[in-house]
There are 4 protein chains.
Amino acid sequence: MNKTKKIIFEAAIKAFSQKGYHKSTMDEIAETAGVAKGTLYYHFKSKEDIFKFIIDEGLKMMEEEIIDKTKHLENPIEKLRMVCKVQLDLVIKYIEFFKTILSQMWGDEERQNQLREILNRYFNLIEGYLQEAADAGLIDGTDIKVKVYNFFGIMASTVVYSLIHKDKNANDIIEETIEFIMRGIGKR
Amino acid sequence: MNKTKKIIFEAAIKAFSQKGYHKSTMDEIAETAGVAKGTLYYHFKSKEDIFKFIIDEGLKMMEEEIIDKTKHLENPIEKLRMVCKVQLDLVIKYIEFFKTILSQMWGDEERQNQLREILNRYFNLIEGYLQEAADAGLIDGTDIKVKVYNFFGIMASTVVYSLIHKDKNANDIIEETIEFIMRGIGKR
Amino acid sequence: MNKTKKIIFEAAIKAFSQKGYHKSTMDEIAETAGVAKGTLYYHFKSKEDIFKFIIDEGLKMMEEEIIDKTKHLENPIEKLRMVCKVQLDLVIKYIEFFKTILSQMWGDEERQNQLREILNRYFNLIEGYLQEAADAGLIDGTDIKVKVYNFFGIMASTVVYSLIHKDKNANDIIEETIEFIMRGIGKR
Amino acid sequence: MNKTKKIIFEAAIKAFSQKGYHKSTMDEIAETAGVAKGTLYYHFKSKEDIFKFIIDEGLKMMEEEIIDKTKHLENPIEKLRMVCKVQLDLVIKYIEFFKTILSQMWGDEERQNQLREILNRYFNLIEGYLQEAADAGLIDGTDIKVKVYNFFGIMASTVVYSLIHKDKNANDIIEETIEFIMRGIGKR
DNA sequence: TATGAATGAGAGTTCATTCAT
DNA sequence: CATGAATGAACTCTCATTCAT
């Protein structure tokens with residue numbers, strides 16, 4: 001990613017996170033980036049293209065972080081706890097990015113379908129960890145796929161908490177949320 | 001709610017559910033309702049006003065259904081199971097309505113803040129059921145509020161499932177999802 | 001055609017005639033018409049739609065004029081002469097309109113295909129007059145369809161003349177052009 | 001014309017012929033030519049400049065072909081027939097090139113005025129052949145200039161034919177069209 | 001000679017809202 | 001109560017041209 005593209009990328013993240021996809025305009029992104037509007041279109045095909053690029057990069061970083069932080073662990077349960085921890089930490093750290101995802105993942109527009117496709121990569125990653133624990137007989141092994149969605153849903157709940165308790169520190173709920181998940185997946 | 005207002009209300013539900021808030025136009029709502037565009041503004045202040053009205057009515061119905069279906073039950077755990085069941089059934093039945101909520105609840109626009117305020121009523125309702133079970137010592141009593149959000153998140157996961165497995169019947173995952181919740185809240 | 005639509009129609013004719021299709025802007029048409037730009041889109045689907053509407057109306061008027069001016073004549077040759085005369089008079093009178101047609105009829109865009117479809121109506125009209133004269137044995141009867149195109153081409157040549165001799169009066173060439181056509185079609 | 005310029009020239013011909021002037025972009029021409037966009041501006045002043053260059057070269061070739069194919073003929077009428085034949089053959093062979101000319105010759109932009117100036121050279125050439133025949137008393141000698149335009153118009157009609165009967169072979173109408181012209185100019 | 005990243009004016013289109021009837 | 005023509009700000013996107021390298 002060259003310099004200008006990166007500048008645009010960052011300006012767009014900021015815009016989408018603060019205002020959501022529809023309320024962010026190309027004019028505004030260009031101004032924040034300090035480039036002309038045409039430059040946006042030199043580096044990206046369209047507004048949707050910028051969006052997709054951001055989601056893609058963001059998810060990639062998240063996956064890398066999860067993999068990196070779990071690779072030194074042996075116990076599948078410990079791994080799962082770490083996945084939860086990393087995941088929830090990232091949600092709190094990049095809460096605006098997650099809001100963008102959560103606002104755009106429900107519809108039927110091209111952009112939204114693509115977003116879900118990218119998310120699928122993440123779901124597969126989580127499934128791997130759950131399956132590993134199930135294979136070791138450490139958690140309930142039925143309906144692993146459903147558990148993946150539940151896992152995702154609880155991650156979303158952290159965002160809801162932050163939205164409703166804007167004054168509070170969402171870190172406070174991480175431990176309890178991890179426990180909820182661990183119990184939910186049927187840890188033995 | 002008089003006749004014309006009701007017609008508009010229903011046309012708007014249909015539009016928002018099928019296309020989301022932004023892609024639904026006042027023109028389209030008016031056409032579906034079979035009234036002139038100006039008539040929309042006679043009965044509602046604005047597009048956001050229609051949206052708020054729908055969310056309000058929808059949540060009200062949901063709350064009534066939950067209360068109605070649990071009032072004959074005695075055991076707090078049975079009540080909670082019923083709350084889950086009713087809730088997930090409604091999600092599947094009115095999935096488009098929930099998609100609309102889920103797409104609009106993350107932002108900072110007036111409409112979105114109002115939506116969260118309305119959702120709070122629902123959160124309080126759920127909290128009551130959880131508190132009751134906790135008071136009876138039937139579930140883990142710590143951080144009840146956090147459990148409410150987790151509960152909500154899992155509801156959302158059912159929508160995700162439907163989005164990703166468009167061909168499958170989401171009813172298949174209800175039982176497993178209820179179990180996830182019951183374990184997650186620390187049923188004893 | 002209601003009042004506002006007519007105003008837009010006339011502003012658009014003026015714009016397209018003076019500047020051609022591509023150089024005419026919706027802003028300019030709106031300003032000339034004295035309405036807001038949005039009003040253009042209330043009455044027409046798109047810029048192309050305005051264009052098509054104009055061509056359609058223009059050709060209709062032309063056909064009516066030709067039919068009207070020939071209906072009292074009996075002799076097919078006299079009719080043909082009158083067709084030529086009316087046609088060439090119209091070309092000179094509405095030369096800007098014909099330039100618009102001539103600039104837009106060669107391409108492969110939707111608008112241009114539609115234009116040719118509309119032109120076909122005119123070709124059929126001319127063919128009728130030629131066929132009548134051929135049936136009466138008054139002109140060469142071979143390849144009537146080709147003669148129709150030749151007829152059209154010569155009409156175009158009048159526009160070329162006007163373009164190149166902007167100072168001169170194109171009426172001067174009408175008689176000679178009619179003779180060219182009459183000889184060309186093989187009048188006996 | 002050096003190598004790079006020639007490559008650009010050919011890419012531009014292809015573009016203008018296939019898509020017309022306005023729909024052809026400098027990006028596309030550069031890509032077809034296999035050079036950078038800046039290179040276009042090294043060899044040509046502007047897009048209009050490329051256009052003019054192409055028209056100029058194209059007309060030159062056409063004139064050369066006409067002169068070449070008639071120079072061995074003695075009889076002015078035979079020459080005229082040959083001019084028609086060569087002309088119509090070229091129209092059919094390079095129909096896309098002629099469409100480009102025909103779409104651009106009616107307006108008032110600089111490029112369009114220049115195009116007509118270049119066309120004038122061709123008109124003078126045709127006039128020479130007609131004058132020669134008139135001087136020899138072989139055709140009607142009145143209004144030779146008007147006949148030139150008529151001649152041009154009929155050439156255009158061949159393009160119209162091709163546009164409307166895309167499936168048919170335009171060669172089929174050449175003979176009849178030549179006859180139309182020969183009769184039209186008043187061959188004796 | 002050649003490049004290609006950057007530009008920015010300007011295009012067509014959308015749509016929530018208004019208001020005279 | 002209801003209408004629908006009219007509005008205009010705001011939007012995304014295009015593309016010929018420039019210029020530092």
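A note on names: the letters A, B, ... follow the listed sequences, proteins ahead of strands, and every chain is numbered from 1. The structure displayed is predicted, hence computed values, not measured ones.
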Length of the line joining [X]:[atom1] and [N]:[atom2], which is rounded to integer Å:
| X | N | atom1 | atom2 | value |
| --- | --- | --- | --- | --- |
| C/R111 | E/dG12 | CZ | P | 11 Å |
| A/E31 | E/dG8 | CD | P | 13 Å |
| B/K23 | E/dC15 | NZ | C1' | 12 Å |
| B/E28 | E/dA16 | CD | P | 10 Å |
| B/E110 | E/dA16 | CD | C1' | 17 Å |
| C/F51 | E/dT13 | CZ | C1' | 19 Å |
| C/K3 | F/dA6 | NZ | P | 9 Å |
| D/L40 | E/dT1 | CG | C1' | 14 Å |

Under the 3.5 angstrom rule, does the side chain of [X] hit a backbone N or O of [Y] as a donor-acceptor pair?
| X | Y | value |
| --- | --- | --- |
| B/R116 | B/M105 | yes |
| A/Q104 | A/Q112 | no |
| A/Y21 | A/E48 | yes |
| D/S24 | D/K19 | no |
| B/K14 | B/F9 | no |

Taking only nitrogen or oxygen atoms into account, show me every contact under 3.5 Å that the protein makes with nucleotides 16-20 of chain F, one pair per line with its distance.
from: F/dA16; atom 1: OP1; to: D/K47; atom 2: NZ; distance (Å): 2.9
from: F/dA16; atom 1: OP2; to: D/M26; atom 2: N; distance (Å): 2.7
from: F/dT17; atom 1: OP2; to: D/Y41; atom 2: OH; distance (Å): 3.1
from: F/dT17; atom 1: OP2; to: D/K47; atom 2: N; distance (Å): 3.0
from: F/dT17; atom 1: O4; to: D/K37; atom 2: NZ; distance (Å): 2.8

Can you tell me if the side-chain N/O atoms of B/T4 get under 4.0 Å from OP1 or OP2 in F/dC1?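 No.
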
Please set out all donor-acceptor pairs under 3.5 angstrom arising from side-chain atoms of residues 94-103 of chain B, sequence neighbours excluded.
from: B/E96; atom 1: OE1; to: B/K99; atom 2: NZ; distance (Å): 3.4
from: B/E96; atom 1: OE2; to: B/K99; atom 2: NZ; distance (Å): 3.3
from: B/T100; atom 1: OG1; to: B/F16; atom 2: O; distance (Å): 3.1
from: B/T100; atom 1: OG1; to: B/E96; atom 2: O; distance (Å): 2.9
from: B/S103; atom 1: OG; to: B/K99; atom 2: O; distance (Å): 3.4
from: B/S103; atom 1: OG; to: B/T100; atom 2: O; distance (Å): 2.9

Nearest-neighbour nucleotide for the C/T39 side chain, E/dT1, F/dT7, E/dT7 considered: F/dT7

Nearest 0.5 Å, what's the CG-CD1 distance between C/L59 and C/I118? 6.5 Å

If I take atom CE from residue C/M1 and atom CD1 from residue C/I7, how far apart are they, to the nearest 0.5 angstrom?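 The distance works out to 11.0 Å.
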
If pairs are Watson-Crick or G-U with both distances under 3.5 Å, what is the dot-bracket string of DNA chain E, marking crossing pairs with [ ] and pairs to another strand with |? .||||||||||||||||||||

5'-most contact on DNA chain E: D/Y42 or A/N2, nearest heavy atom basis? D/Y42

Step by step, would you call D/K166 with C/D108 a salt bridge (Lys or Arg N to Asp or Glu O under 4.0 Å)? CA-CA 12 Å; D/K166 283 184 178 166; C/D108 230 349; 3.4 Å; yes

